[in-house]
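One structure is given here, and the rest of the page talks about it.
Residue numbers start from 1 in every chain, and the chains themselves are labelled A, B, ... in the order their sequence lines are given, proteins ahead of strands.
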There are 2 protein chains.
Amino acid sequence: MINGRFAIAIHILTLLSMEDGLSSEYIASSININPVLVRKELSRLRKANLIETREGKNGGSSLACSPRKITLADVYKATYEQPLFNHSRSKPNPSCPVGIRIGKMMDEVNDEAEAALLKKLKSISIEKLVKQAG
Amino acid sequence: MINGRFAIAIHILTLLSMEDGLSSEYIASSININPVLVRKELSRLRKANLIETREGKNGGSSLACSPRKITLADVYKATYEQPLFNHSRSKPNPSCPVGIRIGKMMDEVNDEAEAALLKKLKSISIEKLVKQAG
DNA sequence: TAATTCTGTAATCTTTATTATTACAGTACA
DNA sequence: TGTACTGTAATAATAAAGATTACAGAATTA
């Protein structure tokens, strides 16, 4: 439903929780996607201060803090900008009493749903996730 | 993020909570999308027993029960089949210790996240939503 | 019973989103 | 200075979403 970028971000952070200084090419070969996509995802994670990257020869990325402190809520927020539930693409008919209000209704639904989702995601750290699946 | 079908389904049910026997064409003109898309969405809602439809002349759709009993969790489940969080499209590298486990990890994350989301959505009925935005 | 007005669904086309790829400048190390 | 990385822009390929057309079937009503 939601696109695969969340899974990709989690995959990256899991790899980095096990080893420092991994190259985008190495990471890409584990996820089996293009290294440029990895670098884009790394870029988002870096902006959110979840990872650090060294450029140049022998460069690569590492976690910026303990995997215990990185939660899936952090990852979610770093990965997505748009609200969870989109509006319909076409503008509803404003002369219909429902059409005129549906946008606001969806915003309210989205706010509540997203808050509930993030609360749950906040309770799952990368460390916990890795141990659980170990 | 998630596609607009959830918003469309909510829009439909909101309209039907105010008036019975609405045609797909009428509904489509409020949402401002193609009537065939409305009929497809109605088909899903009908399979979930949320609405009933009369075919033929003067036909149309109506709620199958009180809008107080229809929750957004019902709507969500009727609207989507796939899990909330997709896996990455490409199969991860099975010779990597993370690649081999990421699928299971994502399934666990998804189950927890989806449960939290549905719990919240269950607390919002169509009636409540309409009154709130009124 | 025939015309009318709905629905249901398949098939196809268009548009948008996602992912892949290419290209190349910049950085750090040896 | 050569090598091996990153960052990012631009473009191409692929997949998903949505729109449209088409038509058979159902119920009403004239």
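- Contact check for B:Ser88 versus A:Ile31: side-chain heavy atoms found under the 4.5 Å cut-off.
- Using the six-membered ring where Trp is involved, B:Tyr76 and B:Phe6 have ring planes that are perpendicular, over 60° apart on the 30 and 60° scheme.
- Within 6.0 Å of atom CD in A:Glu25, 12 or fewer heavy atoms from other residues, nucleotides or ligands are found, so the atom counts as exposed in its surroundings.
- Judged as a salt bridge (Lys or Arg N to Asp or Glu O under 4.0 Å), not a single pair has a partner in residues 51-63 of chain B (not counting sequence neighbours).
- Within the 3.5 Å criterion, the main-chain N or O of B:Thr71 finds a donor-acceptor partner in the side chain of B:Asp74.
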Nucleotides 19-22 of chain C: which of its N/O atoms have a protein N/O under 3.5 Å away?
unit_1, atom_1, unit_2, atom_2, d
C:dT21, OP2, A:Asn34, ND2, 3.2

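- Note: CG (B:Asn86) to C1' (D:dA16) measures 11 Å, nearest angstrom.
- For the pair A:Lys91 NZ and D:dG18 P, the computed distance is 14 Å after rounding to whole Å.
- A distance-only check finds a donor-acceptor pair linking the side chain of B:Asn110 to the backbone of B:Leu84 [under 3.5 Å].
- When side chains are defined from C-beta on, A:Leu121 does not count as touching A:Lys77, because their heavy atoms never get closer than 4.5 Å.
- Contacts between residues 44-57 of chain B and DNA chain D, defined by a heavy-atom separation below 4.0 Å, involve B:Arg54, B:Glu55, B:Gly56, B:Lys57, listed by number.
- The distance from atom CD of A:Glu41 to atom C1' of D:dG7 is 15 Å, rounded to the nearest whole Å.
- In the hydrophobic cluster analysis, where Ile, Leu, Val, Met, Phe, Trp and Tyr join through side-chain heavy atoms closer than 4.5 angstrom, B:Val36 is grouped apart from B:Ile33.
- Non-hydrogen atoms lying under 4.0 Å from DNA chain C are contributed by nothing in residues 19-28 of chain A.
- C:dT18 atom P lies 18 Å from atom NE2 of B:His87, rounded to whole Å.
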Without placing hydrogens or testing angles, list every side-chain donor-acceptor pair under 3.5 Å for residues 15-24 of chain A, not counting sequence neighbours.
unit_1, atom_1, unit_2, atom_2, d
A:Ser17, OG, A:Thr14, O, 2.7
A:Ser23, OG, A:Tyr26, N, 3.1
A:Ser24, OG, A:Arg39, NH1, 3.2

Enumerate, atom names and distances included, each donor-acceptor pair closer than 3.5 Å involving a side-chain atom of residues 40-48 of chain B, sequence neighbours excluded.
unit_1, atom_1, unit_2, atom_2, d
B:Glu41, OE1, B:Arg5, NE, 3.2
B:Glu41, OE1, B:Arg44, NH2, 3.2
B:Glu41, OE2, B:Arg44, NE, 3.4
B:Arg46, NH1, B:Thr53, OG1, 2.8

